[in-house]
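Data first, discussion second: the structure below is written as structure tokens.
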Amino acid sequence: NAKFFTDEKGYNWTFVASGDKANDIAIAEVGIPYSTIDSDSREVILKDYSIKNVLTENINTWFLNTFHVRPDAEDLSGYLKNADAPGYFGNQGFIQGGTAPNNSYGNLEERIELLSPYSPKDVHEMSIEFK
């Protein structure tokens with residue numbers, strides 16, 4: 001039932017991540033697809049429904065509905081600069097999005113590209129029972 005700036009709801013979190021325990025670093029790529037998306041495609045789930053794309057679309061829709069204009073693209077891009085994928089993490093938590101803070105993340109960037117999240121529809125329809 002997640003929703004952002006509009007009454008439209010039905011988003012789910014989905015992600016892939018890779019870490020390097022020895023160096024205490026990690027990267028993650030997060031998407032916010034609708035729970036009814038029937039795809040396990042990395043391109044659909046993590047690119048088309050990336051955090052940045054979903055928030056940009058919702059903010060633009062809210063501005064259009066509320067003020068009848070779109071926000072300035074440059075202002076919005078600056079506001080969402082850390083929504084670029086992937087997100088980079090270190091021993092203190094989130095560092096930045098989009099560009100690696102240093103060369104230590106190269107292997108993680110290669111590995112994460114090989115990962116795909118579960119289909120949102122499969123997760124939405126999943127039934128877990130405890131006995």
Side-chain angles (χ1 to χ4, degrees):
N1 291 325
K3 63 182 182 178
F4 297 101
F5 300 96
T6 68
D7 288 331
E8 194 171 5
K9 59 185 178 178
Y11 294 97
N12 282 353
W13 292 102
T14 186
F15 71 94
V16 294
S18 185
D20 179 340
K21 187 174 181 179
N23 290 313
D24 203 10
I25 60 173
I27 63 173
E29 195 168 353
V30 180
I32 314 174
Y34 290 108
S35 59
T36 55
I37 298 293
D38 189 12
S39 175
D40 59 5
S41 165
R42 189 173 206 296
E43 186 69 26
V44 171
I45 299 170
L46 296 176
K47 304 292 184 197
D48 294 349
Y49 289 94
S50 68
I51 288 176
K52 188 163 193 171
N53 286 346
V54 171
L55 290 178
T56 298
E57 179 60 31
N58 274 266
I59 291 168
N60 278 324
T61 300
W62 183 80
F63 262 80
L64 280 171
N65 291 339
T66 305
F67 303 111
H68 309 292
V69 296
R70 287 185 179 272
D72 179 75
E74 190 174 317
D75 289 345
L76 184 55
S77 180
Y79 180 72
L80 295 174
K81 70 178 181 166
N82 277 318
D84 287 327
Y88 293 88
F89 298 83
N91 61 358
Q92 298 296 314
F94 179 76
I95 298 170
Q96 66 192 41
T99 305
N102 59 52
N103 293 334
S104 301
Y105 293 84
N107 288 338
L108 299 179
E109 289 172 330
E110 289 175 19
R111 279 198 312 222
I112 201 170
E113 288 297 323
L114 301 173
L115 301 174
S116 291
Y118 292 107
S119 166
K121 185 176 180 187
D122 288 348
V123 174
H124 176 73
E125 293 176 350
M126 185 182 295
S127 175
I128 300 174
E129 296 179 25
F130 297 95
K131 295 183 180 189

Practice task
Using a 4.5 Å cut-off on heavy atoms from C-beta on, say whether the side chain of K52 contacts that of L80.
Solution key: yes

Practice task
Determine, step by step, whether V69 and L64 satisfy the side chain to side chain contact (heavy atoms under 4.5 Å, CB included) criterion, reporting the C-alpha distance in whole Å, the side-chain angles of both residues, the deciding distance to 0.1 Å, and the verdict.
Solution key: CA-CA 5 Å; V69 296; L64 280 171; 5.6 Å; no

Exercise for the section: Side-chain contact test, heavy atoms from C-beta onward, threshold under 4.5 Å: evaluate it for Y49 versus E57 and give yes or no. Expected result: no

Handout entry: Considering all heavy atoms, the nearest I37-S119 contact
Key = O-OG, 3.5 Å

Problem - Spatial distance of atom CD1 (I95) from atom CG (N82) [nearest 0.5 Å] - result: 11.0 Å

Practice task
Would you sort out whether K121 and T36 count as a side chain to side chain contact (heavy atoms under 4.5 Å, CB included), showing the intermediate values?
Solution key: CA-CA 5 Å; K121 185 176 180 187; T36 55; 5.7 Å; no

Problem - W62 reachable from L76 in the ILVMFWY side-chain graph, under 4.5 Å edges - result: yes

Practice task
Check E113 against R42 and note the closest heavy-atom contact, atom names and distance.
Solution key: O-NE, 3.5 Å

Practice task
Keeping the roles fixed (side chain from E43, backbone from L46), state whether a donor-acceptor pair exists under 3.5 Å.
Solution key: no

Handout entry: Short side-chain to backbone donor-acceptor contact, N53 and K47, under 3.5 Å
Key = yes

Handout entry: Sequence-distant partners of K81, side chain to side chain donor-acceptor pair (under 3.5 Å), two or more places apart
Key = none

Practice task
Give the cluster check for Y79 versus V54: same hydrophobic cluster or not, with ILVMFWY residues linked at side-chain heavy-atom distances below 4.5 Å.
Solution key: yes

Exercise for the section: Mind listing the closest non-hydrogen atom pair of A100 and Y105 along with its distance? Expected result: CB-CB, 4.1 Å

Exercise for the section: For the pair R111 (side chain) and G19 (backbone), establish whether a donor and an acceptor sit closer than 3.5 Å, ignoring hydrogens and angles. Expected result: yes

Completion exercise
side chain to side chain contact (heavy atoms under 4.5 Å, CB included) test vs V16 passes for just one of I45, I112, L114, V30, namely I112

Exercise for the section: Please state whether the rings of Y34 and Y11 are parallel, tilted or perpendicular, taking 30° and 60° as the class boundaries. Expected result: parallel

Exercise for the section: Output the distance between atom CG (D84) and atom OG (S77), rounded to the nearest 0.5 Å. Expected result: 7.0 Å

Exercise for the section: Look at atom OH of Y118 and say whether more than 12 heavy atoms of other residues, nucleotides or ligands are closer to it than 6.0 Å. Expected result: no

Practice task
I would like to know whether N23 and S104 meet side chain to side chain contact (heavy atoms under 4.5 Å, CB included); could you show each step before the answer?
Solution key: CA-CA 8 Å; N23 290 313; S104 301; 5.6 Å; no

Handout entry: F89 and I27, any side-chain heavy atoms less than 4.5 Å apart
Key = no

